[in-house]
Amino acid sequence: LVALRMRGALAPLAITMILVTLAPDPAHAADDLQLAYIRSGNAALDAMSARGLDVLGRTLKARTSVAPAEPVAVDPASDNLGRYPVLYWPANAVRHMSPATASRIRDYLARGGLILFDFGKPLGADSGARALLEPLGLPPLAEVGPDHVLSKSFYFLDSFAGGALWAESGTEGSAGHVSGVIIGGGGWAGLWSGDIVTAPSRRERALRFGVNLVMYALTGTYKADQVHTGTLLERLGKPK
């Protein structure tokens, strides 16, 4: 544009109009990334989910390069889910999905989405996990251990402030496959928001788990790729 102007091919007004046209719209830029939760129909629970994801979003903004916009509630049976990299499902309240919902959730997972199913308590025979998840036809699940990418996608974690976590089997390493579901019972929205009164250290672990979860959804198995190890150690000035 500068070269064209110097040659007299563009008037100043034309340059201004072109720049205004090409400039990103800040009103839409903030909406590029949002976290969402499944609407439960329980006003108090939905409010807690919103507060929890809002605090998690602000934590991400303060500690990472990810800056989510305000979280939203979604109805998986009717809303477009494709724009949300992570869905929080308060499964202690939403324990049933219609065939239409199951179909849309399967499509969301097939396109690379990630859902955190939070049953609010450690999984057991009475958690309702099997009944809720069965329509999704998930592959075999395995407990998330310290070698899983989720344990090191941002922070190095040895616990998740909510007991055991489960993910799709075979997603531990750098094979390129990211688990579409993370299943547990930590009551994380309440821990993130502070609605659940607990020790500061436990709340911090919950926030770190949330940060890892979002980074895992966005970066996949990058942190498990050992091809970067040598370069990273060299930059740190450490021997390989």
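Remember, predicted model here, so these are calculated numbers, not experimental data.
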Check: residues 109-118 side-chain donor-acceptor pairs under 3.5 Å, at least two apart:
unit_1	atom_1	unit_2	atom_2	d
R111	NE	D107	OD1	3.2
R111	NE	D107	OD2	3.0
D118	OD1	G120	N	3.0
D118	OD1	G186	N	3.3
D118	OD1	G187	N	3.0
D118	OD2	Y88	OH	2.7
D118	OD2	G187	N	3.1
D118	OD2	W188	N	2.7

### Contact check, side chains of L157 and R205, non-hydrogen atoms, under 4.5 Å
no
### Task
Under the side-chain hydrogen bond (donor to acceptor under 3.5 Å, both in side chains) rule, collect the residues that match up with D54, sequence neighbours excluded.
R58
### Task
Sequence neighbours left out, what passes salt bridge (charged side-chain N to carboxylate O under 4.0 Å, His left out) with R106? Give chain and number order.
none
### Message
Working to the nearest 0.5 angstrom, can you tell me the gap between D147 CG and K152 NZ?
### Response
5.5 Å
#### Entry: Non-hydrogen side-chain atoms of V144 and S151 separated by less than 4.5 Å
yes
### Task
Decide yes or no for S193 and M48: does some side-chain heavy atom of the first lie under 4.5 Å from some side-chain heavy atom of the second?
yes
### Task
Could you check if a side-chain atom of I105 sits within less than 4.5 angstrom of a side-chain atom of W89, using non-hydrogen atoms only?
yes
### Summary
On a heavy-atom basis, the closest approach of G41 and D46 is N-OD2, 3.3 Å
### Message
Testing the basics here: between G57 and P68, what is the closest heavy-atom pair and its distance to 0.1 Å?
### Response
O-CD, 3.6 Å
### Minimum-distance pair of heavy atoms, taken over all atoms of H148 and A167
NE2-CB, 4.1 Å
### Message
Can you tell me how far apart CG (L138) and CD1 (I183) are? Round to the nearest 0.5 Å.
### Response
6.0 Å
### Query
Can you tell me how far CG of L136 sits from OH of Y108, rounded to the nearest 0.5 angstrom?
12.5 Å
### Task
Answer yes or no: is there a donor N or O on one side and an acceptor on the other, between the side chain of S103 and the main chain of P99, under 3.5 Å?
no
### Query
Considering residues at least two apart in sequence or located in another chain, which fulfil the side chain to side chain contact (heavy atoms under 4.5 Å, CB included) criterion with A142?
S169, E172
### Atom of E70, atom of Q34 and distance for their closest heavy-atom approach
O-NE2, 2.9 Å
### Query
Can you list the residues that meet the side chain to side chain contact (heavy atoms under 4.5 Å, CB included) rule with A36, with sequence neighbours excluded?
V72, V74, Y84, L87
### Query
Among the clusters formed by ILVMFWY side chains lying less than 4.5 Å apart, do L45 and L35 turn up in the same one?
no
### Query
Do V149 and T219 come within less than 4.5 Å of each other through their side chains, counting heavy atoms only?
no
### Counterpart residues, side chain to side chain contact (heavy atoms under 4.5 Å, CB included), relative to T198 (two or more places apart)
L191, R202, R203
#### Entry: Closest non-hydrogen atom pair, A73 against D79
O-OD2, 4.3 Å
### Query
Between A206 and A161, which heavy-atom pair has the shortest distance, and what is it?
N-CB, 3.5 Å
### Query
Among all residues two or more places apart in sequence or in another chain, which pass the ring-ring contact (aromatic ring centres under 6.0 Å, His included) test with F160?
F209
### Query
So do the side chains of T171 and Y216 get within less than 4.5 Å of each other, counting heavy atoms only?
yes
### Query
Is any side-chain heavy atom of N212 less than 4.5 Å from a side-chain heavy atom of S153?
yes
### Query
In Å, rounded to the nearest 0.5 Å, how long is the span from CG of L165 to CG of L141?
11.5 Å
### Query
Is there any salt bridge (Lys or Arg N to Asp or Glu O under 4.0 Å) pair reaching into residues 179-197, and which pairs are they, with sequence neighbours excluded?
R51-D195
### Task
Output every pair passing salt bridge (Lys or Arg N to Asp or Glu O under 4.0 Å) with a member in residues 181-193, not counting sequence neighbours, ordered by first then second residue.
none
### Message
According to ring-ring contact (aromatic ring centres under 6.0 Å, His included), who are the partners of Y37, at least two apart in sequence or on a separate chain?
### Response
none
### A77: partners by side chain to side chain contact (heavy atoms under 4.5 Å, CB included), with sequence neighbours left out
D75, T101
### Summary
So salt bridge (Lys or Arg N to Asp or Glu O under 4.0 Å) across residues 208-218, not counting sequence neighbours, yields E204-R208
### Query
Got a sec: does the CD of E134 have more than 12 other heavy atoms crowding it under 6.0 Å?
no
